[in-house]
Each structure stands twice: as structure tokens, then as C-alpha cells.
Student: 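The structure follows.
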Protein chains: 2
Amino acid sequence: MYFCERLLTFIMNKKETIFNVALQLFSSQGFDNTSTSLIAKKAEVSEGLIFRHFTNKEGLLNEILIEGFTKIKPYLDLIIEENDPKKVILLTLELPYKIISQHREFWKLQNNMRLQNDKYREDFDQNAFFEPLDTKVKNAFKSLNCGNPDVEKETFFIFLNGLALYILENDNNENPVELVKNIELKFID
Amino acid sequence: MYFCERLLTFIMNKKETIFNVALQLFSSQGFDNTSTSLIAKKAEVSEGLIFRHFTNKEGLLNEILIEGFTKIKPYLDLIIEENDPKKVILLTLELPYKIISQHREFWKLQNNMRLQNDKYREDFDQNAFFEPLDTKVKNAFKSLNCGNPDVEKETFFIFLNGLALYILENDNNENPVELVKNIELKFID
DNA sequence: ATTTTATTAGTGAGTAATCACTTATTTTTT
DNA sequence: AAAAAATAAGTGATTACTCACTAATAAAAT
């Protein structure tokens, strides 16, 4: 554990160590319940260094969230570029596992912040972030001659959020292929 | 605002006032981010009274959660008693709106606790609480001659969780009948 | 190339404010 | 008068954050 942090510090710089320790702590025990002193202790740096690099606790959170969204953006772009409507639906269905299996801690953190913190919802508007995918999926359903593409799209995203929650709660990084297949059948015939 | 609390205290006793103020604060700004001094201030009681009635901050949280689950239990029992498998599915689909429209603050609180707090997950095992409904729904799908009732049930609950999240995020208490109808079609033909 | 000058990275000991919680005392109810 | 309910005034511990300072690195000047 502590050996691990020491190793991290050796190959990363201390700022990165703080960043990673904070991400781990924020996502596992919550932002409010994580003190800067604990972050410093686990990262094996002085507490003051946190504030030198990130101004304040919230600044540290913001950097973590911004990097997270930046890393996830390409997953969305890949779908936006797809032209086959059926493939758009299929790729979007695979999105939750793809994102969470590789960015679990970030996703858990942003999920908790979104549900709990009002100020966060202003700073990071998830609707705005997913809007391009939203319209892409809607148009896909339109192309597939779906009865009411708007309702179908909304239903689809409700499903997607449920699926993301399911994957988030199963700590093992297992791909729920069977479930995704079953969902698939309900949206594409 | 403060007039309201004063009115509450007049018709309720002070313990109930503390209870309600804490529920409101815990659900809107999080348990960790809510201090006992703020609860006391908003409830217009002395801070010590909180500890007299609820032992400690966690005791207050527990009473809130236990009452919440107790109030929600009858909603589940109603479905358990139902024998028509189709009706079981339909009633379960209506569950999220029924619960959240009437117990929004509690549901938001328990949702956040479940996602964030490990100790909470031990004390209040949501899986155990919903287990009777879980098997009831599984048997319903079995009765309806569904291909794989287990997968269908799991898919159904993923949907249900997504739906609950959707209703929770739309602060207006509007019944999403159109969406529920659309989901319905995907599970019953 | 070597010295001087800035800049950045990092520390450890503080700060006031706030935290959950306690104790002693007073008010209210029975 | 006794018991219960409520308050006011505390407690030590912890909080996010600042401060004065040093060590290391980079840039500029000689």
C-alpha cells in the first residue's frame, strides 16, 4: 500500500501522486468525507503542497473531473462519427462498460457529485456533455423508422443509466454481454 | 422559511422537527456536508437536543433511513400479494414514481448513501430489502414464458433503476406515463 | 563555463473556524 | 416534588488553508 505510493512518487511527480490519491479517496469515501490532511498523508507529501498545486480542495476536485471528462470524450466522438444507425445504438450500448471498466474511480466520483452537489451540476453539465450523443441516438432511431424516436431515445438513455449503475455496483470488471444482448433486442429488431 | 419551521414545531414536537430538517438537509447537501449545528439552527432547537434524542449524528441518520424503508415497505407488499404475472410487472414499473413522488427526499438520501458509503451498505442491504420483489418479478417472467427469466428480470431491474434515477433528477413530480408505457411494451407483448 | 538571478517545488508549523459531542443548568410537564 | 425536555456553555479534535522558509531547478548574465 504505502510502498505502492512511494513507487508512484518515484515514477510520477508529487503533483500526480496527489492527484491519483485524491481521485481514489474522493471516489471511495466521498469528497466531503476526505480531508486534505489524509490525502497528504497517503500521498506522502506535505499538506501545503496540495494547495500550492491546486489552490484549494475544490481546485483539486475540478482538475480531477476535467481530466476525467477529457479522457472520456474520445469514446463519444467515436460514436458521433459512425453513420450506420444500428451501429450507433450498438456502440452506445457498449459505452457504459467501456468507460467504467477503464475509468471506474472517475465515473463513480462524477456520478456521486452529480446526484448530490448542486454547485457541481452548474460547473459540469452532464446533459451538455452528452448532448451530441443524445441527438445522434435520436436520429438513429428516426432512421430506423421508430414510432416515436424521442420517447425511444429517452427510454434508451434511461436504460443506459441503469446499466451504468449496474456495472458501477459490480466491482468486478466483468463485461455484462448477456444483459447488453438482451437490451439490444428491445431496441433493434 | 424560518416561519415554516416555527409552524412545524408548533404542530409537531421538537424531535420531529429535528428529524424533518435533518432529512431535508441530508438529502439536499449530503450527510457529511451537513453539520449538527446547522440542523439545530434550522430546526430552531439547541444543538444538544439532537444528541439527547438521537444519541449521535449517525443515530439520527439511522432513524431517518429506518422510517423511510418502513414507509416504503407497503408499496412492495402490495405487489408481492398480486398473483397475475402481467400485473406484477406493471405494478413494479409504477413503483419508482409512486415511491419517489411521495418520498423524494428519503429516496435521494438512501440512493446517495448506497452509492457512496460502504458502512451504510452493510447496515442497509438494499438487495435484501428488494429480494422478495426480485423473486416475485423473476417468477412473473417465468409464468409469462419468457426465454431467459433470470436475464429478463435483471434487465428489468436495470431499467427500473434507470427510471428511478430519471424521476429523481426531474425535480418536478411529473408522472412519466409515456416513458413507462414505452418500457412496458418491451417486457410484455 | 561559471556565477548570478529567478522560478518552481516542497516543507513544517502554524491559523481561526468548525466539527461532533458533553456537561451543567434551567425550564416545562406530569 | 420528581422526571423529562430543553438550553447554554463548554470540550478536544479536526478542518481547510496560510505562512515563512528551504531545496532544487531553470534562465540569464558575465
Student: Quickly, which of F129(B), Y75(B), W107(B) forms a ring pair (Phe, Tyr, Trp, His ring centres under 6.0 Å) with F69(B)? Name it, please.
Tutor: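 The passing option is F129(B).
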
Student: So, taking the atom named CG in N20(A) and the one named CD in Q24(A), what distance separates them when rounded to the nearest 0.5 Å?
Tutor: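 N20(A) CG to Q24(A) CD: 9.5 Å, rounded to 0.5 Å.
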
Student: When all nucleic acid strands are considered with a 4.0 Å heavy-atom cut-off, which category describes T36(B): base, sugar-phosphate, or nothing?
Tutor: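 Contact class for T36(B): base.
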
Student: Atom CG of L38(B) to atom P of dT15(D): distance rounded to whole Å?
Tutor: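 Checked: the CG to P distance equals 19 Å.
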
Student: Tell me: CD1 of I39(A) to P of dA16(D), nearest whole Å?
Tutor: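 In whole Å, dA16(D) P lies 8 Å from I39(A) CD1.
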
Student: Provide, to the nearest angstrom, the distance between the NZ atom belonging to K41(A) and the P atom belonging to dG10(C).
Tutor: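 So the two atoms are 21 Å apart, to the nearest Å.
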
Student: Using a cut-off of strictly less than 4.0 Å, decide whether S37(B) has a side-chain nitrogen or oxygen near OP1 or OP2 of dT18(C).
Tutor: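 No, S37(B) has no side-chain N/O under 4.0 Å of OP1/OP2 on dT18(C).
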
Student: Write down the distance between CG (N33(B)) and C1' (dT18(C)), rounded to a whole number of angstrom.
Tutor: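 Rounded to whole Å, this separation is 12 Å.
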
Student: Both conditions, 6.0 Å and 45 degrees, for the charged tip of K57(A) above the ring of F31(A): are they met here?
Tutor: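 Here K57(A) passes the 6.0 Å and 45° test against F31(A).
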
Student: Given dT14(D), is OP1 or OP2 found less than 4.0 Å from the side-chain N or O atoms of S35(A)?
Tutor: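 Negative; the distance criterion is not met.
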
Student: Determine whether Y166(A) and N170(A) make a side-chain contact, defined as any pair of heavy atoms from C-beta on separated by less than 4.5 Å.
Tutor: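 The answer is yes, as the side chains (C-beta and beyond) meet within the 4.5 Å cut-off.
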
Student: Would you kindly give the CD1-to-C1' distance between I18(A) and dT11(C), to the nearest whole Å?
Tutor: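 The distance from CD1 of I18(A) to C1' of dT11(C) comes to 12 Å, rounded to the nearest Å.
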
Student: Within 45° of the six-membered ring axis of F187(A) and under 6.0 Å from that ring's centre, is NZ or CZ of K186(B) located there?
Tutor: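 Yes, a cation-pi geometry holds between K186(B) and F187(A).
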
Student: Could you check how far NZ of K14(A) sits from P of dT8(C), rounded to whole Å?
Tutor: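 Rounded to whole Å, this separation is 18 Å.
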
Student: With a 4.0 Å limit, can you tell me whether K15(A) has a side-chain N or O closer than that to the phosphate oxygens OP1/OP2 of dG10(C)?
Tutor: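 So the side-chain polar atoms of K15(A) never come under 4.0 Å of the phosphate oxygens OP1 or OP2 of dG10(C).
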
Student: Of the residues in residues 47-58 of chain A, which ones touch DNA chain C at a heavy-atom distance under 4.0 Å?
Tutor: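 Per residue number, the list reads G48(A), L49(A), R52(A), H53(A).
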
Student: Could you walk me through whether T36(A) and E47(A) pass side-chain hydrogen bond (donor to acceptor under 3.5 Å, both in side chains), step by step?
Tutor: CA-CA 7 Å; T36(A) 50; E47(A) 200 178 347; 2.7 Å; yes

